[in-house]
Amino acid sequence: MKAIAIREYGDIDNLKEIELKIPELAEDEVLVENYATSINPIDWKARLGYLKGMYPWKFPVVLGWDTAGIITQVGAKVADFKVGDKIFARPDIYIDGKKGTYAQYVAVKEDKLALKPDEITFEAAAAVPLAGLTALQVIVDRLKVKKGDKVLIQGGAGGVGLFAIQIAKHLGAYVATTASKKNHEFLKSLGADEVIDYHETKIDAVLNNYDAVFDTVNAIDDGLAILKENGRLVTIAGNPSEEQKASSKEVSSWWLQPNGKQLGKLGNLIVAGEVKVIIDSVYSLTAEGVRAAHKKSQEGHARGKIVIKVK
Ligand SMILES: NC(=O)c1ccc[n+]([C@@H]2O[C@H](COP(=O)([O-])OP(=O)(O)OC[C@H]3O[C@@H](n4cnc5c(N)ncnc54)[C@H](OP(=O)(O)O)[C@@H]3O)[C@@H](O)[C@H]2O)c1
């Protein structure tokens, strides 16, 4: 099968097309013919070697951690999914380096799968798992946002931020967010109550007494400054210092836990029209396409998700 892989850490030119064997399945896995995947900042961070300490991968490494496609084979112990099911998932990260999603076929553990809603395309579905699950887990499970809470989402126009704004609004929160000016009207159209241009305005000049902060841009001190006593801050982009953790406010970091059941719930919110999937751009599964997609993501100003169409 065709895959896009790196043979060493480095710049985008290291992304090359290679031929790989179709992955062999464990008993609890399904084989997915991949129709679309998407880019997340973890992809280019991994390419640059920033995750060396976490994942001792064997090269060549196929990057990519979102898939939407059709099941073509099931392992012996798979109970709830069958050949022909249209699915989407954030697969596990495998140390062999060969099971990333920049590939025509992907092996995915059953517990990471959800049925793709018929109402959305494979490209839209591939934009959801990693970013959407991160937003859902932070807003619902970690920050425990509820009706009437005042919530700040830093980085509202990003892949995670856009899901987070819509999930928090669905829960009945008052939502402030940060973004460049060109995105303000768009974020308001998705429900944001207040949008702050982070280039011009310090957030503590305009916000205070917030119940919760979701930090997707590593600006922890800025978030802490507007939280009320005992308010909660979760970052997915930085490591809180000892000093920040010792504050009277609750500060923690979060790493996404892939989960098919939760992904299914997110799919229901999308079908119900509560959450829209916002796609910045679509590229093809070629070395040139994936390089251009990495470049776009690394520039840091995509509005929504960058998708790779595989089939
Ligand atoms: N821990 C985890 O499990 C986990 C999971 C997912 C993502 N992450 C991390 O979370 C971060 C965000 O991910 P993502 O997928 O949302 O990234 P993304 O889609 O690449 O984010 C791009 C957006 O960031 C905004 N932005 C850049 N700098 C900003 C700033 N200083 N203040 C406010 N907005 C800013 C840009 O908005 P404008 O164009 O409006 O400036 C742009 O829309 C990344 O570092 C990623 O690695 C972690």
Side-chain angles (χ1 to χ4, degrees), residues 1-6 15-40 42-43 46 55 57-130 132-133 256-268 270-271 282-287 289-290 307-311:
M1 66 171 183
K2 179 168 91 172
I4 306 297
I6 52 169
L15 290 158
K16 301 227 163 88
E17 185 172 326
I18 62 167
E19 263 315 295
L20 273 186
K21 284 193 192 130
I22 289 176
E24 280 174 22
L25 289 189
E27 288 181 321
D28 59 350
E29 288 177 333
V30 306
L31 186 66
V32 176
E33 186 178 14
N34 195 18
Y35 278 57
T37 179
S38 90
I39 305 289
N40 295 283
I42 188 179
D43 301 18
Y55 301 113
W57 277 310
K58 295 192 187 81
F59 289 100
V61 175
V62 180
L63 303 170
W65 293 286
D66 279 313
T67 179
I70 301 181
I71 295 177
T72 58
Q73 211 179 308
V74 294
K77 290 197 174 144
V78 170
D80 295 330
F81 290 85
K82 59 181 189 317
V83 170
D85 282 347
K86 294 177 181 154
I87 60 83
F88 62 147
R90 168 14 181 108
D92 286 323
I93 295 181
Y94 292 87
I95 300 306
D96 74 355
K98 308 294 175 289
K99 288 184 178 172
T101 59
Y102 300 172
Q104 289 178 305
Y105 289 88
V106 183
V108 188
K109 284 202 193 305
E110 179 176 26
D111 64 350
K112 308 301 178 309
L113 296 169
L115 288 174
K116 179 187 83 65
D118 288 337
E119 291 83 351
I120 60 171
T121 62
F122 286 107
E123 283 96 52
V128 177
L130 193 153
L133 279 175
L256 155 75
Q257 305 298 308
N259 179 320
K261 293 232 160 35
Q262 271 187 326
L263 186 55
K265 287 185 185 157
L266 196 48
N268 293 340
I270 293 167
V271 172
V282 181
Y283 297 85
S284 59
L285 187 76
T286 59
V290 176
V307 169
I308 305 288
K309 188 176 165 76
V310 180
K311 184 169 172 171

Could you check whether any side-chain N or O of [X] sits under 3.5 Å from a backbone N or O of [Y], counting only pairs where one atom can act as donor and the other as acceptor?
{"X": "Trp65", "Y": "Thr37", "value": "no"}
{"X": "Lys261", "Y": "Lys265", "value": "no"}
{"X": "Lys116", "Y": "Ala89", "value": "no"}
{"X": "Gln104", "Y": "Met1", "value": "no"}
{"X": "Ser38", "Y": "Asp66", "value": "no"}
{"X": "Asp85", "Y": "Ile87", "value": "no"}
{"X": "Lys86", "Y": "Ala68", "value": "no"}
{"X": "Glu29", "Y": "Ala26", "value": "yes"}
{"X": "Gln73", "Y": "Val83", "value": "no"}
{"X": "Asn34", "Y": "Ala103", "value": "yes"}

Using every non-hydrogen atom in the two residues, find where Ala3 and Val62 come nearest and quote the distance to one decimal. CB-CG2, 4.1 Å

For a quick test of reading the model, state the closest non-hydrogen atom pair linking Val106 to Gly100 and the distance between them. CG2-O, 4.2 Å

Starting at OG1 of Thr72, measure out to CG of Leu25 and round the result to the nearest 0.5 Å. 7.5 Å

To the nearest 0.5 Å, what is the distance between CG (Leu263) and CG (Leu113)? 9.0 Å

Thr67 and Phe88: side chain to side chain contact (heavy atoms under 4.5 Å, CB included), yes or no, with the steps? CA-CA 6 Å; Thr67 179; Phe88 62 147; over 6 Å; no

For the residue pair [X] and [Y], establish whether any side-chain heavy-atom pair is separated by less than 4.5 Å.
{"X": "Lys112", "Y": "Asn259", "result": "no"}
{"X": "Pro117", "Y": "Ile270", "result": "no"}
{"X": "Leu256", "Y": "Arg90", "result": "yes"}

Could you tell me whether Asp28 and Lys109 have a side-chain N and a carboxylate O separated by less than 4.0 Å?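 Yes.
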
Checking Lys311 against Phe122: charged group under 6.0 Å from the ring centre and within 45 degrees of the axis? no

